[in-house]
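Note that this is a predicted model, so its numbers are computed, not measured. We name chains A, B, ... by the order of the sequence lines, and we start the count at 1 in each one.
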2 protein chains.
Amino acid sequence: MAEGEDMATTTLGVREPVADDSRTDILLAAADCFMERGYAATSVDDVARRLGATKGRIYHHFPSKADLFTGVFRHGMDRIYAAVEPYRNMPGPAVERWKKIAFVHTVRMMRSKTLARVVWEGVEMHLRGATTPEQRVVLADLVQYRNGYSDIFRRTISQARDEGDFDFDDVAITVQSMFMALNSPIFWYVPRDGETEEHVTGIAKQIVTFAYRGLGGKGELNL
Amino acid sequence: MAEGEDMATTTLGVREPVADDSRTDILLAAADCFMERGYAATSVDDVARRLGATKGRIYHHFPSKADLFTGVFRHGMDRIYAAVEPYRNMPGPAVERWKKIAFVHTVRMMRSKTLARVVWEGVEMHLRGATTPEQRVVLADLVQYRNGYSDIFRRTISQARDEGDFDFDDVAITVQSMFMALNSPIFWYVPRDGETEEHVTGIAKQIVTFAYRGLGGKGELNL
DNA sequence: TGATGAACATACTACCGGGTATGTTGTCAA
DNA sequence: TTGACAACATACCCGGTAGTATGTTCATCA
């Protein structure tokens with residue numbers, strides 16, 4: 001679960017801040033708030049209240065509200081990327097690679113729904129034209145990060161088309177339609193209390209099946 | 001274009017407000033602002049500035065900012081609904097009806113991109129839990145309006161499946177995936193300057209093709 | 001053991017934005 | 001021509017919010 005790095009002090013006598021888990025606590029609470037009310041409607045006090053703390057704690061770790069948001073953005077992208085990373089260079093035909101990464105991506109959308117929605121809003125904010133010019137730079141960097149992620153899918157479906165397993169016209173339009181379908185659960189999926197793993201994967205399979213057929217995939221996909 | 005109702009004065013001597021086109025001017029300007037920055041980040045002064053006016057004009061026609069938003073919501077839904085209404089009871093097989101309404105819906109998403117995004121945000125706002133309890137009532141009404149619209153698609157693809165033209169498992173999941181794909185252009189489509197009608201319909205065709213195959217439609221769809 | 005700084009909490013400021021109260025102007029009806 | 005009202009503009013209030021300045025506590029280290 002946790003990344004598992006502690007390292008309170010180094011061998012040198014230099015003080016090393018431990019606060020990393022306090023920081024991620026803030027990030028997760030902020031993610032909850034940002035998802036529930038959106039960035040603009042969320043106040044820093046809201047995040048502090050959810051933590052049972054005050055603004056002082058947040059501003060000790062983040063210089064501004066915008067930086068708090070981009071922090072959540074980056075954290076979310078890291079989680080999403082980490083899920084797909086093990087399979088992005090999987091050998092074999094591109095279709096099989098697509099099936100794998102599309103599935104783990106969709107499951108991740110449901111499992112990390114909160115972070116995924118913040119990432120979504122971050123991309124939207126960038127497309128609009130975010131707050132300050134300096135903030136635009138940070139957002140642009142993160143959006144590039146996100147674009148690099150979607151490029152994995154873009155290249156994969158292009159290759160699969162070359163190999164005769166997919167069939168579509170314009171790549172840009174198709175990859176957008178595909179991503180919207182795969183991302184859809186972040187808008188309507190609501191995690192249940194006693195939920196089986198099979199329930200989540202069952203939903204993901206149907207979504208991936210929809211996208212698979214949409215891309216022109218033939219036959220059934222066995223996941 | 002315009003609804004074409006004037007009726008400045010009745011036969012009775014009673015004064016009848018004419019302001020309907022001024023009202024729609026406000027609605028359209030508000031739609032622009034809400035789309036560009038989102039509801040929370042848009043101030044009433046922003047909308048007034050875009051109109052070259054002041055708050056007084058807006059508050060003369062709308063009791064609150066929330067009512068202004070719901071006004072745009074309703075206006076947008078009217079436009080969207082009006083596009084598919086002529087075809088929703090088209091005779092013949094359900095697949096053909098789906099092809100028609102899916103296509104006009106997607107084209108409308110691009111043509112009325114601004115209004116469509118406000119509708120989108122309105123649904124999101126309702127899912128979150130909007131501002132005041134009284135405002136929730138208005139939003140709930142509009143969301144029901146919107147759900148009635150999506151039910152048209154839901155019933156159509158169900159019927160098409162019964163007729164053997166579509167093939168999918170869970171209706172709820174599938175209709176969500178389909179809608180996300182059809183709505184996708186409201187997030188990435190940007191209207192060009194000298195844009196041909198064929199360009200827009202060409203994009204729409206590809207999106208509808210993606211959804212058609214995703215739903216398990218066989219063969220090519222000729223639009 | 002005292003000094004130092006991290007990790008917060010508290011108190012405060014400046015400003016923005018929703019809403020209101022009040023003026024001003026043009027138009028139509030009687 | 002005059003009253004009345006729609007259709008705005010102006011001026012103002014006030015609550016909320018981002019950000020800051022200043023304590024306070026506790027662990028660590030020389």
Side-chain angles (χ1 to χ4, degrees), chain A residues 6-27 29-30 33-34 36-72 125 130-132 134-135 138, chain B residues 6-27 29-30 33-34 36-72 125 130-132 134-135 138:
Chain A
D6 242 63
M7 202 169 297
T9 56
T10 62
T11 47
L12 302 168
V14 185
R15 292 286 294 279
E16 206 77 0
V18 204
D20 225 32
D21 37 339
S22 175
R23 218 185 97 103
T24 56
D25 281 350
I26 297 175
L27 283 176
C33 294
F34 286 147
E36 287 179 6
R37 317 180 201 192
Y39 174 76
T42 299
S43 73
V44 181
D45 288 301
D46 286 336
V47 182
R49 246 189 306 274
R50 173 161 303 224
L51 285 166
T54 65
K55 289 203 292 197
R57 180 172 172 191
I58 296 177
Y59 277 101
H60 179 73
H61 292 276
F62 299 91
S64 73
K65 180 188 173 184
D67 285 283
L68 174 61
F69 180 81
T70 55
V72 180
M125 278 179 57
T131 56
T132 74
E134 38 181 15
Q135 197 59 36
V138 187
Chain B
D6 242 63
M7 203 169 297
T9 56
T10 63
T11 47
L12 301 167
V14 186
R15 292 287 293 279
E16 207 78 358
V18 203
D20 225 31
D21 38 336
S22 174
R23 218 185 98 102
T24 57
D25 281 350
I26 297 175
L27 283 177
C33 294
F34 286 146
E36 287 178 6
R37 316 181 201 192
Y39 174 75
T42 299
S43 74
V44 180
D45 288 299
D46 286 336
V47 181
R49 245 189 306 274
R50 174 162 303 227
L51 285 165
T54 65
K55 288 203 291 196
R57 179 173 172 191
I58 296 176
Y59 277 101
H60 178 73
H61 292 275
F62 300 92
S64 72
K65 180 188 173 184
D67 286 282
L68 175 61
F69 180 81
T70 54
V72 180
M125 278 179 58
T131 56
T132 73
E134 38 181 16
Q135 198 58 38
V138 187

Base-contact (B) and sugar-phosphate-only (S) positions in nucleotides 16-22 of chain D, heavy-atom cut-off under 4.0 Å, - elsewhere: -SBBB--

Pairing residues for B:T54 by the side-chain hydrogen bond (donor to acceptor under 3.5 Å, both in side chains) criterion, not counting sequence neighbours: none

Atom of A:Y39, atom of A:K65 and distance for their closest heavy-atom approach: O-NZ, 3.0 Å

Which residues pass the salt bridge (Lys or Arg N to Asp or Glu O under 4.0 Å) test with A:R49, sequence neighbours left out? A:D46

A:H60 side chain: which of D:dA9, C:dC8, C:dA9 is closest? C:dC8

To the nearest angstrom, the CZ-P distance between B:R57 and D:dA6 comes to 17 Å

Closer than 4.0 Å, any side-chain N/O of A:H61 to the OP1 or OP2 of C:dA6? no

Atom CZ of A:R23 and atom C1' of C:dC8: how far apart are they, to the nearest Å? 16 Å

Quick one: list whatever passes side-chain hydrogen bond (donor to acceptor under 3.5 Å, both in side chains) with A:T70, sequence neighbours left out. none

When the distance from CG of A:L51 to P of C:dA7 is rounded to whole Å, what number comes out? 15 Å

Residues forming a side-chain hydrogen bond (donor to acceptor under 3.5 Å, both in side chains) with A:D67, sequence neighbours excluded: A:S64

Let me know the distance between CD1 of B:I58 and C1' of C:dG18, rounded to the nearest Å. 12 Å

I'd like to check the side-chain hydrogen bond (donor to acceptor under 3.5 Å, both in side chains) partners of A:D45; sequence neighbours left out, ordered by chain and number. none

